[in-house]
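The structure appears right after this line, and notes come after that.
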Protein chains: 2
Amino acid sequence: MALSHAILAALIECPCSGYDLAKRFDGSVGFFWNASHQQIYRELSRLEAEGQITAEKIEQDGRPNKKLYSITATGKALLQEWIAQPAEVSPVKDDLLVKLFSGHIAPRETILQKLKEHYQQHRAKLEGYQAIAQQHFSDPAQLSEARRFQFLTLRAGIRHEMAWMTWCGEAMSFLTEPAETENTYQSSLYVRDDLAE
Amino acid sequence: MALSHAILAALIECPCSGYDLAKRFDGSVGFFWNASHQQIYRELSRLEAEGQITAEKIEQDGRPNKKLYSITATGKALLQEWIAQPAEVSPVKDDLLVKLFSGHIAPRETILQKLKEHYQQHRAKLEGYQAIAQQHFSDPAQLSEARRFQFLTLRAGIRHEMAWMTWCGEAMSFLTEPAETENTYQSSLYVRDDLAE
DNA sequence: TAACCCATGTAACCTGTTACATGATTAA
DNA sequence: TTAATCATGTAACAGGTTACATGGGTTA
């Protein structure tokens, strides 16, 4: 399970409340994880019970009190242990691909519309990530250790959105004029032989 | 929920048993969905009870009997309806990104090792997809309607693996020699203005 | 003779989603 | 005065994982 690890990772970067975590997962930190507030509160209770995090009650006036969560030494040690363990890559699992796989049973216009909507959603995400990159990571070589790693996860988000956008564009072209679409996927451009086993 | 839709989509392409479905989701159809056999059997029972699919009992000698599932008219209609409904893009959610986000608390070597393993896993997947592309989709313009859509989902899988590999390579370079890594992410190369709202 | 393939399932558990619930403050 | 923001939670349900269970046939 990785939700607990994602929460620990977020709390290491910056201690915060459950409410704040939900917003962070929904916003900038969303390029590496997301979760609903119900899931987060449940997990925070569990992590606190297990001693991986501690809560500090903050009394506020004019707004509800909150609990500020921070990671404990135990939590940090467990996270470090987990980082070193082997990991499998996650499968894609996107509704659009299921829709496309059986796309021949739907009107062509419906499918093209889905592709267009998908493209626009990914474009909006990409623009959001690029704005963060420009505001907070404009000089990558000068970043602190911690920020350098955050920058890399942001770059992963950016790469993903770009890949989706590229694919959506190709798919729409292919569906409207298949004869003009060339198959450029056999190339080995992306293969680094120095990384082969 | 999309597992049921993924099953329906797979059964439209080719009626098969639960065992076969598990293998398909684990193999070539894995670029758009995956599921364990337990999940598949549970879902097949539900879909059959709801009349979306029908089972035909196949008696075999020398090996266990099996149930061959096919989609019904009801199931197909429901799938068509679902295809037309709006869809959100799925978040990434990959363990490696969580590990990287808090990568500064782990030894540098551990992180580089994780990146390398990830790269190799994606490379293996890419090679598998490319083999399918060459064997079954070598002339995309000549494909049938149904196969054309399957080709597009395969291309999505290929694009994803390429994006991951590119990112892994960049991340490793950045961690070993950050000064030489240029920030090439501000470009708008991937943006098609004709698709803006 | 051990391991794997075929083929199906149950049970328990954990993760994720949806709906419901409260209640003050602030901005349109 | 309506809606949004801040802030936390419970309950029920659906989706996904892990472990357990069976049993014949094939390959090393």
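Just the heavy atoms: all of them, side chains too, but no hydrogens, waters or symmetry mates, feed the values below. Source: prediction; values computed, not measured.
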Upstream residue (5' side of DNA chain C) when Gly18(B) and Glu43(A) are each assigned their closest nucleotide: Gly18(B)
Given DNA chain C, 5'-ward residue of the pair Pro64(A) and Ala35(A), judged by closest heavy atom: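 In this pair, the answer is Ala35(A).
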Any N/O donor-acceptor pair, Arg42(A) side-chain to dG16(C) base, under 3.5 Å: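 Side chain to base: pair present.
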Distance-only side-chain donor-acceptor flag, Gln113(A) / Glu117(A), under 3.5 Å: yes
Distance-only donor-acceptor check, side chains Gln134(A) and Gln130(A), under 3.5 Å: no
Sequence neighbours excluded - side-chain hydrogen bond (donor to acceptor under 3.5 Å, both in side chains) pairs with any residue from residues 62-77 of chain A: none
It should be established whether [X] places a side-chain nitrogen or oxygen under 4.0 Å from OP1 or OP2 of nucleotide [N].
X        : N       : answer
Tyr19(A) : dT8(D)  : no
Ser45(A) : dG9(D)  : no
Lys23(B) : dC5(C)  : no
Gln60(A) : dC6(D)  : no
Gln39(A) : dT15(C) : no
Ser17(B) : dC6(C)  : no

Parallel, tilted or perpendicular: rings of Phe149(B) and His104(A) (30°, 60°):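 Tilted, since the angle between the ring planes falls between 30° and 60°.
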Side chain of [X] only, heavy atoms from C-beta on: which candidate in [options] is closest?
X        : options                  : result
Tyr41(A) : dT8(C), dA19(C), dA7(D)  : dA7(D)
His37(A) : dT8(D), dC6(D), dG9(C)   : dT8(D)
Ser36(A) : dT18(C), dT8(C), dT18(D) : dT18(C)
Lys66(A) : dA7(C), dG16(C), dA7(D)  : dA7(D)
Lys67(B) : dT8(C), dA7(C), dT8(D)   : dT8(C)
Gln38(B) : dG16(D), dG9(D), dA19(D) : dA19(D)

Most 5' of Leu3(B) and Asn65(A) on DNA chain D, judged by nearest nucleotide: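 The residue closer to the strand's 5' end, by nearest nucleotide, is Asn65(A).
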Sugar-phosphate only, base, or nothing, as touched by Lys93(A) at under 4.0 Å among non-hydrogen atoms: sugar-phosphate
Aromatic ring proximity, centroids under 6.0 angstrom, His160(B) and His122(B): no
Interatomic distance, Leu21(A) CG vs dA7(D) P [rounded to whole Å]: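 Result: 13 Å.
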Separation of atom CD1 in Ile58(A) from atom C1' in dT8(D), rounded to whole Å: 15 Å
